[in-house]
Amino acid sequence: MNSMRVRFAPSPTGYLHIGSARTVLFNWLLARKHGGRFILRIEDTDRSRHVEDSVQKILDDLRWLGMQWDEGPEVGGNCGPYFQSQRLDIYNRYVDQLLHSGHAYYAFETPEELEAMRARAKAEGRTAAYIRPDPLPTIEQGQAARAAGMAVVVRLATPALDITVEDDILGAVTLAAGQVEDFVIQKSDGWPTYHFACVVDDELMNITHVLRGQEHLMNTPKHMALQRALGFSTPRYAHLPVIFNMDGSKMSKRDKEKALKKGEPPPEIDVHDFRVAGYLPEAVLNFIALLGWSPGDDREFFDLGEMTQAFSIGRVGKTNAKFDREKLLSFNTTWATRVASDRLLAAFKDYLAVNVANQSTIAPIMLAQPDSILREVLRICAGFRTLADIVTKAGFIFLPDESIEYAPEAVKKVLAKNDNAGFKMLEDLLPKLEALPEWSAAPIDALLATVCEEKQLRMGAVAQPLRVAVSGTTISPAIGETLALLGREPSVIRIRQSLRLR
RNA sequence: GCCCCCUUCGUCUAGUGGCCCAGGACGCUGGAUUCUCAGUCCAGAAACAGGGGUUCGACUCCCCUAGGGGGUACCA
């Protein structure tokens, strides 16, 4: 009857990182797989690191991915509040409990003293730096010091016992007695540390399985020590391998600034970046699922339902992975052909919408088009890798005719070369196009094929000049489809204006 | 420094002592298709970190070395 409850507990310090997204996904899958509950908790105990609006951004990214939570911000639940900043009184009660049961004590060391302890520990080759005072300060002394304005913290009196974490991914990991020092559970500003708040909340929110990044592995013995001191139960733990850049460095927001400084396009790091760059959540999810997990057979493509079916914690690996953007791109390309057309349309509109806020000129114009037109664009651009490719390939169709910019190299190579062969072709084509009875892809293509045949030319000799004339570049969807969607009037206008370049 | 985790093609991985002179996918190389870009199709190259054991037999088990990563905060 004790059903599975998992949680994702981000700090509101920015957008949702792609690595965190995988942690979310695995938690979500675990909950769905076992009919459990997925809880979202905001760990905002460090006021100084709090970033404005980041909670909203994280919620938004989670929803974009389809990682809806069963309890947490905006949906409520029986174990709230789900913001740690609203749970201070709860933490304080448990700190008091520990203080009175003798499991914790007040401590007064200054940063300098602590630094000296660390230096000495290092010199002596010890892991734990903090040396427990003897005798311990009494509760009265601690409270008096605090009342006097001193910087006072509360530390856990860590028992001298080996602690073994039974990790569902890594197996048994034992930390010897003495390796865990008397760490701080309550900061001098009165707020609990991460360790303390986390343990209290996991207990009070009845969390049964903690699935988190491997950077937390060494925290787990601390959490277990805390659970024992508080009389709490210990959830099952599993620590996920870490995800790195291809060069082995950590994927961090700073990568974006670095690339910008070098004049390179910034890499996608946060979930939101991938959304803005034109990736489908289906592809992102599918790709990150395979970073550390595999179904055990040769299947590679999974939607959330299929993933839930196939997922198990036992098939999660132990080794760190590198984030191969080429493979993600390939997944996105494939997913764009796998999703239903309504879904693709919705995804494309979402892409345009987030890019409207991103100072794109074409995005708002395209977003204003009726669905029927956007569907047509999607159809003639089939084969695109990201949604952004659609805009670069077909966006010119929606620009005002007069704002088409003609790339000099394209004009030179396709229109002017060989004694203005391209220009001559356009002059020849213009009246024929104007006279065409029906303006749609098939008759346009038929006309062009006829011209090719008459002049004994390859299709490129007729399609390329037209392409440059209407788009200003050498890249567009198939020429018949392009002219058809553009419309006869604009096509003619653009051909005429390109002729003036001669 | 100390503690902990990890180690199969460039990358993500399959492989739980013989089915493996190691399979799939991305990427790469070559070819095909085409009006550009993209896509699609076919073919190919490409790995068990090194050294010791254990065993009739090791990618698979043990040890050591090397390499990579995480932690070592009044951050989470």
Side-chain angles (χ1 to χ4, degrees), chain A residues 9-13 43-46 48-49 84 107 109 111 114 118 121-129 151-155 165 167 169-171 173-176 178-181 183-195 197-198 213-219 221 239 241-242 244 246 248 250 287 290-301 317-331 333 336-337 381-385 389 392-393 410 414 445 448-449 452 458-468 471 473-480 482:
Chain A
S11 294
T13 56
E43 307 217 324
D44 52 352
T45 53
D46 186 352
S48 68
R49 295 217 315 166
Q84 290 188 330
E109 286 78 12
L114 292 173
R118 275 193 282 272
K122 194 168 179 174
E124 293 169 6
R126 284 183 289 114
T127 302
V152 176
V153 300
V154 176
R155 287 179 185 268
V165 181
D167 190 287
I169 292 172
L170 299 170
V173 177
T174 300
L175 214 62
Q179 294 297 130
V180 181
E181 66 178 19
F183 57 96
V184 174
I185 61 174
Q186 186 190 57
K187 300 181 262 185
S188 59
D189 66 4
W191 285 90
T193 57
Y194 157 71
H195 303 297
C198 176
Q214 225 171 74
E215 63 271 20
H216 286 292
L217 181 58
M218 290 296 100
N219 289 335
H239 292 89
V242 188
F244 296 97
M246 286 302 278
K250 227 179 271 190
F287 176 72
L290 261 17
L291 255 29
W293 171 80
S294 95
D297 53 36
D298 287 343
R299 278 180 302 165
E300 288 237 279
F301 293 100
K318 307 176 182 183
T319 57
N320 294 163
K322 291 179 180 169
F323 194 91
D324 187 348
R325 291 167 191 281
E326 292 291 344
K327 186 153 185 172
L328 203 213
L329 207 46
S330 168
F331 269 57
T333 308
T337 67
C381 286
F384 60 86
R385 314 211 70 183
D389 293 345
T392 53
K393 188 170 180 176
V414 178
D445 283 332
L448 300 185
C452 276
R458 296 188 54 217
M459 196 52 159
V462 18
Q464 280 302 77
L466 282 172
R467 183 154 9 243
V468 174
S471 76
T473 72
T474 56
I475 296 170
S476 86
I479 198 64
T482 301

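All chains are named by letter (A, B, ...) in the order of the sequence lines, taking the proteins before the strands, and each is independently numbered beginning at 1.
A close approach under 4.0 Å does occur between a side-chain nitrogen or oxygen of A:Lys318 and OP1 or OP2 of B:C6. Of the side-chain N and O atoms in A:Lys393, none sit less than 4.0 angstrom from OP1 or OP2 of B:U36. An OP1 or OP2 oxygen of B:A76 is reached within less than 4.0 angstrom by a side-chain nitrogen or oxygen of A:Thr45. When the side-chain nitrogen and oxygen atoms of A:Arg155 are compared with OP1 and OP2 of B:C74, one or more of them lie within a distance under 4.0 Å. Note on A:Lys250: a side-chain N or O is less than 4.0 Å away from OP1 or OP2 of B:G70. Of the side-chain N and O atoms in A:Arg385, one or more sit less than 4.0 angstrom from OP1 or OP2 of B:G39. For the OP1/OP2 pair of B:A73 and a distance below 4.0 Å, the side-chain nitrogens and oxygens of A:Arg118 include at least one atom meeting the criterion. Taking 4.0 angstrom as the limit, A:Ser476 places none of its side-chain polar atoms (N or O) nearer than this to OP1 or OP2 of B:U36.
Listed nucleotides: B:C26, B:C35, B:G23. Nearest to the side chain of A:Ser330: B:C26. In the set B:C74, B:C3, B:C35, the nucleotide with an atom closest to the side chain of A:Lys187 is B:C74. Taking every side-chain heavy atom of A:Lys327 into account, B:C26 is the closest of B:C6, B:C26, B:G69. Of the candidate nucleotides B:C37, B:C3, B:G10, B:G10 has the atom nearest to the side chain of A:Asp324. Comparing B:G69, B:A76, B:C5 by their nearest atom to the side chain of A:Val242 picks out B:G69.
Proximity of a side-chain donor or acceptor of A:Arg49 to a complementary backbone N or O of A:Asp44 within less than 3.5 Å is not detected. Under a 3.5 Å cut-off, the side chain of A:Thr45 and the backbone N or O of A:Trp191 do not form any donor-acceptor pair.
The CZ atom of A:Arg118 lies 12.5 Å from the CZ atom of A:Arg126; values are rounded to the nearest 0.5 Å.
In this structure, the CZ atom of A:Arg49 is 11 Å from the C1' atom of B:A73, given to the nearest Å. One can place CZ of A:Phe331 at 21 Å from P of B:A38, the figure rounded to the nearest angstrom. Counting to the nearest Å, the P atom of B:U8 and the NZ atom of A:Lys322 are 10 Å from each other. Between A:Leu290 atom CG and B:A25 atom P the separation is 13 Å, expressed in whole Å. Rounded to whole Å, atom P of B:G71 lies 16 Å from atom CG of A:Asp167. With rounding to whole Å, A:Lys122 atom NZ is found 11 Å from B:C2 atom P. Across the protein-nucleic acid pair, A:Gln179 atom CD and B:G70 atom P stand 19 Å apart, rounded to whole Å. The nearest whole Å value for the distance from the CG atom in A:Asp297 to the C1' atom in B:A25 is 12 Å.
Ion pairing between a basic and an acidic side chain is recognised when a charged N comes within 4.0 Å of a carboxylate O; A:Glu215 and A:Lys250 show no such pairing.
Among the protein residues, A:Asp46 comes within range of the sugar-phosphate backbone only, with heavy atoms under 4.0 Å from sugar or phosphate atoms but none that close to a base. Using a 4.0 Å heavy-atom cutoff across all strands shown, A:Glu109 reaches at least one base atom of the nucleic acid. Among the heavy atoms of the strands lying under 4.0 Å from A:Ala151 is at least one base atom, whether or not backbone atoms are also near. Here A:Leu217 lies in heavy-atom contact (under 4.0 Å) with sugar-phosphate atoms only. In this structure, A:Pro295 reaches neither bases nor backbone, as no heavy-atom distance under 4.0 Å exists between it and the strands shown. Within the nucleic acid shown, A:Ala382 comes within 4.0 Å of at least one base atom, counting heavy atoms only. Contacts of A:Val153 with the nucleic acid, taken as non-hydrogen atoms under 4.0 Å apart, include base atoms. Here A:Ala121 lies out of heavy-atom contact (under 4.0 Å) with every strand.
Other residues, nucleotides and ligands contribute only 12 or fewer heavy atoms inside 6.0 Å of the CZ atom of A:Arg458.
Taking the salt bridge (Lys or Arg N to Asp or Glu O under 4.0 Å) definition, one finds that A:Arg385 meets it with nothing, sequence neighbours left out. Applying the ring-ring contact (aromatic ring centres under 6.0 Å, His included) test to A:Phe183 and every residue at least two apart in sequence or in another chain returns A:His195.
Nucleotide B:C2 forms a pair with B:G71, judged by Watson-Crick or G-U wobble geometry with both contacts under 3.5 Å.
One can find a donor-acceptor pair under 3.5 Å joining the base of B:C35 and the side-chain atoms of A:Arg467.
In terms of position along RNA chain B, the nucleotide closest to A:Gly317 lies nearer the 5' end than the nucleotide closest to the other residue of the pair A:Val152 and A:Gly317.
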